[in-house]
Protein chains: 2
Amino acid sequence: MKRSTDRRVQRTRQLLQDALISMMIEKGYEATTVQDIIDRANVGRATFYAHFADKETLLTSRLEDLRNSLSERQRQAPGSLGFSLAMLEHARSHLPVWSAIVGRDSGALVLQRIQSMIAALVDVDMRALAFKGTPAQRDLAVQYIAGAFMAVLTWWLDQGAKLPPEEVDAIFRRLVMQGVAGEWGLRANSKGRAPHLKSM
Amino acid sequence: MKRSTDRRVQRTRQLLQDALISMMIEKGYEATTVQDIIDRANVGRATFYAHFADKETLLTSRLEDLRNSLSERQRQAPGSLGFSLAMLEHARSHLPVWSAIVGRDSGALVLQRIQSMIAALVDVDMRALAFKGTPAQRDLAVQYIAGAFMAVLTWWLDQGAKLPPEEVDAIFRRLVMQGVAGEWGLRANSKGRAPHLKSM
DNA sequence: TCGCTAAAGAACATTGTGTCTAGTATCAGC
DNA sequence: GCTGATACTAGACACAATGTTCTTTAGCGA
């Protein structure tokens, strides 16, 4: 993991990563071309390929950094489903990046990566829970939670992240733990209790 | 909605749709080119563009058909979260198609479309439930459920759809309604009840 | 200061897209 | 069965983006 010491290298990599995000915010991942990136970064074409095999590799290197910040944040706030709040807060404080990454115009690749990143975080948090079941059941639960969180996150960001992270986190965790019935008093046969949320 | 009566048109459209699915199974949506499609369908290049503006439009027309079969199936099996079993069974009886569509190599577009299709089905089913809450809450719940189902479906298909649909459906519905705690006796403070699933 | 290497610039082959043409076949309806 | 309409074919085309290769220039570390 010995990072290059040459300033030119670091500068170029940084410029390219920033340009990618900037372009993603502007027109989405899929629509962004290598040409767009190097134009914005003001970097030669050959230089790009000297550092990254393709657009995807560049994205990967950026997501790697993201993953590291997230793991760090999660480590500081552990507990059952602790990843949730950590992630929502991180998303809010880096809103443009996250909107670009998770938003409407992002690529399949991006979403897959993010979701498996979330799954890894969920997996870590599951150790704080007393899980009784087979590995397959555990796996299913992890996927279920990761998918649900991803959807909630996307929904939240698409709305401009107006609701406070704490509240989204609370709703999400209750949904996961107690289910729809516990959250909003749903019954299959249309007899339900009243909801009890402050805002929204 | 008056479909063309000319056999040549129907034949060509069918050939192209089939070729798309066939290619998706083979190398995924993203990697499939228009050239691949028309080669496999044995159709001229100009002909392709006479029918569809691009690869995406072709996909859309195929997904439209899929949506119709699903709505039909859902109508025959209503109830709380009734879409779930209907969809799992449909997926199993059209396994290659679904694996191609939902699997690892599919595009963002495909996944987005499927997920919003699921969301629509969830929305329909929600009317069978006594939902108490604001429209925003309802929306969040729909997204939550659709995302979770999508993840479960993907997981199931990636495993080769070995588990019977009825069982996956049962687990999923219990997770949605009662949550992780209800399903596997999870507690945040590591005191839990025993699980009670037959297989897996 | 000097040697090393990153980066610029530009040309290139390659692949895929979407359009257009003129000629050929196949269809629906009389 | 004809016949007029129109769907299809084959090929060429302009265009855009990718990824490679080359030489020249600039900047870095020691």
Side-chain angles (χ1 to χ4, degrees), chain A residues 1-62 100 105-110, chain B residues 1-63 100 105-110 113:
Chain A
M1 269 283 181
K2 184 84 171 293
R3 282 258 179 254
S4 167
T5 182
D6 196 321
R7 276 180 225 165
R8 290 173 296 177
V9 173
Q10 298 186 326
R11 177 178 159 275
T12 300
R13 295 180 68 97
Q14 192 60 53
L15 280 172
L16 288 173
Q17 286 192 351
D18 291 350
L20 172 66
I21 296 295
S22 161
M23 285 310 306
M24 283 177 69
I25 291 168
E26 198 166 312
K27 51 196 284 200
Y29 175 75
E30 301 285 15
T32 298
T33 70
V34 173
Q35 195 62 51
D36 291 330
I37 299 169
I38 64 182
D39 283 352
R40 179 145 308 179
N42 233 327
V43 150
R45 183 165 199 75
T47 305
F48 177 95
Y49 288 104
H51 286 275
F52 304 101
D54 47 28
K55 196 175 65 166
E56 180 179 332
T57 309
L58 171 58
L59 174 74
T60 301
S61 88
R62 186 62 182 80
D105 297 327
S106 75
L109 207 131
V110 192
Chain B
M1 270 278 182
K2 185 85 168 295
R3 279 257 181 255
S4 166
T5 181
D6 196 320
R7 279 178 222 163
R8 290 171 296 180
V9 173
Q10 297 186 326
R11 177 177 159 278
T12 300
R13 294 180 69 95
Q14 192 62 53
L15 280 172
L16 288 174
Q17 285 192 352
D18 291 349
L20 172 66
I21 296 295
S22 162
M23 285 310 307
M24 282 176 70
I25 292 169
E26 199 165 309
K27 50 196 287 197
Y29 176 75
E30 300 287 14
T32 298
T33 70
V34 172
Q35 196 61 50
D36 290 330
I37 298 169
I38 64 182
D39 283 351
R40 179 145 307 180
N42 232 326
V43 149
R45 184 167 195 74
T47 305
F48 177 95
Y49 288 104
H51 286 274
F52 304 101
D54 48 28
K55 197 175 65 164
E56 180 178 333
T57 309
L58 171 57
L59 174 75
T60 301
S61 88
R62 184 63 182 82
L63 291 186
D105 297 326
S106 77
L109 205 132
V110 191
R113 295 287 176 82

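Chain letters run A, B, ... following the sequence lines, proteins first and then strands; every chain starts at 1.
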Report task. Look at the side-chain N and O atoms of A:Arg7 and state whether any lies under 4.0 Å from the OP1 or OP2 oxygen of D:dG29. Result -> yes
Query - Atom-to-atom span, CZ of B:Phe48 to P of D:dA7 - whole angstrom - result: 17 Å
Query raised in the report: Is the backbone N or O of A:Asp36 less than 3.5 Å from a side-chain atom of A:Asp39, with the two atoms forming a donor-acceptor pair by type?
Result: no
**Report entry** Integer-rounded Å distance: D:dC15 P and A:Gln35 CD
**Finding:** 17 Å
**Report entry** A:Thr47 or B:Val34, whichever maps to the more 5' nucleotide of DNA chain C
**Finding:** A:Thr47
Query raised in the report: Atom CZ of A:Arg11 and atom CG of A:Leu16: how far apart are they, to the nearest 0.5 Å?
Result: 10.0 Å
**Report entry** Atom pair NZ/OG1 of B:Lys27 and B:Thr33 - distance to nearest 0.5 Å
**Finding:** 6.0 Å
Report task. Scan B:Ala46 against the nucleic acid and name what it touches under 4.0 Å (heavy atoms): base, sugar-phosphate only, or nothing. Result -> base
Report summary line: To the nearest angstrom, the CG-P distance between A:Asp39 and C:dA8 comes to 12 Å
Report task. Answer yes or no: does a side-chain N or O of B:His51 lie under 4.0 Å from OP1 or OP2 of D:dC8? Result -> yes
Requested in this report: Answer yes or no on whether B:Lys55 is positioned over the face of B:Phe48, meaning its NZ or CZ is under 6.0 Å from the six-membered ring centre and within 45° of the axis.
Outcome: no
Query raised in the report: Given C:dT19, is OP1 or OP2 found less than 4.0 Å from the side-chain N or O atoms of B:Tyr49?
Result: no
Query raised in the report: Given atom CD of A:Gln10 and atom P of C:dA6, what is their separation to the nearest angstrom?
Result: 13 Å
Requested in this report: Using atom NZ of B:Lys27 as one end and atom P of C:dT15 as the other, report the distance to the nearest whole Å.
Outcome: 12 Å
Report task. Choose from C:dA6, C:dT26, D:dT18 the nucleotide whose nearest atom is closest to any side-chain atom of A:Val9. Result -> C:dA6
Query raised in the report: Looking just at side-chain N and O atoms, do A:Asp18 and A:Gln14 make a donor-acceptor pair shorter than 3.5 Å?
Result: yes
Requested in this report: Have a look at B:Asp36 and say if it touches a base, only the backbone sugar-phosphate, or nothing, with a 4.0 Å heavy-atom cut-off.
Outcome: nothing
Report summary line: When rounded to whole Å, the CG to P distance for the pair B:Leu16 and C:dG18 reads 14 Å
Report summary line: Here the distance between atom P of D:dT18 and atom CG of A:Asp54, to the nearest Å, is 10 Å
**Report entry** Candidate nucleotides D:dC8, D:dG27, C:dC27, ranked by approach to the side chain of B:Asp6 - the nearest
**Finding:** C:dC27
**Report entry** Separation of C:dA7 C1' from A:Arg13 CZ (nearest whole Å)
**Finding:** 15 Å
Query raised in the report: Under 3.5 Å, is there an N or O donor on one side and an acceptor on the other linking the side chain of B:Arg45 and the base of C:dG18?
Result: yes
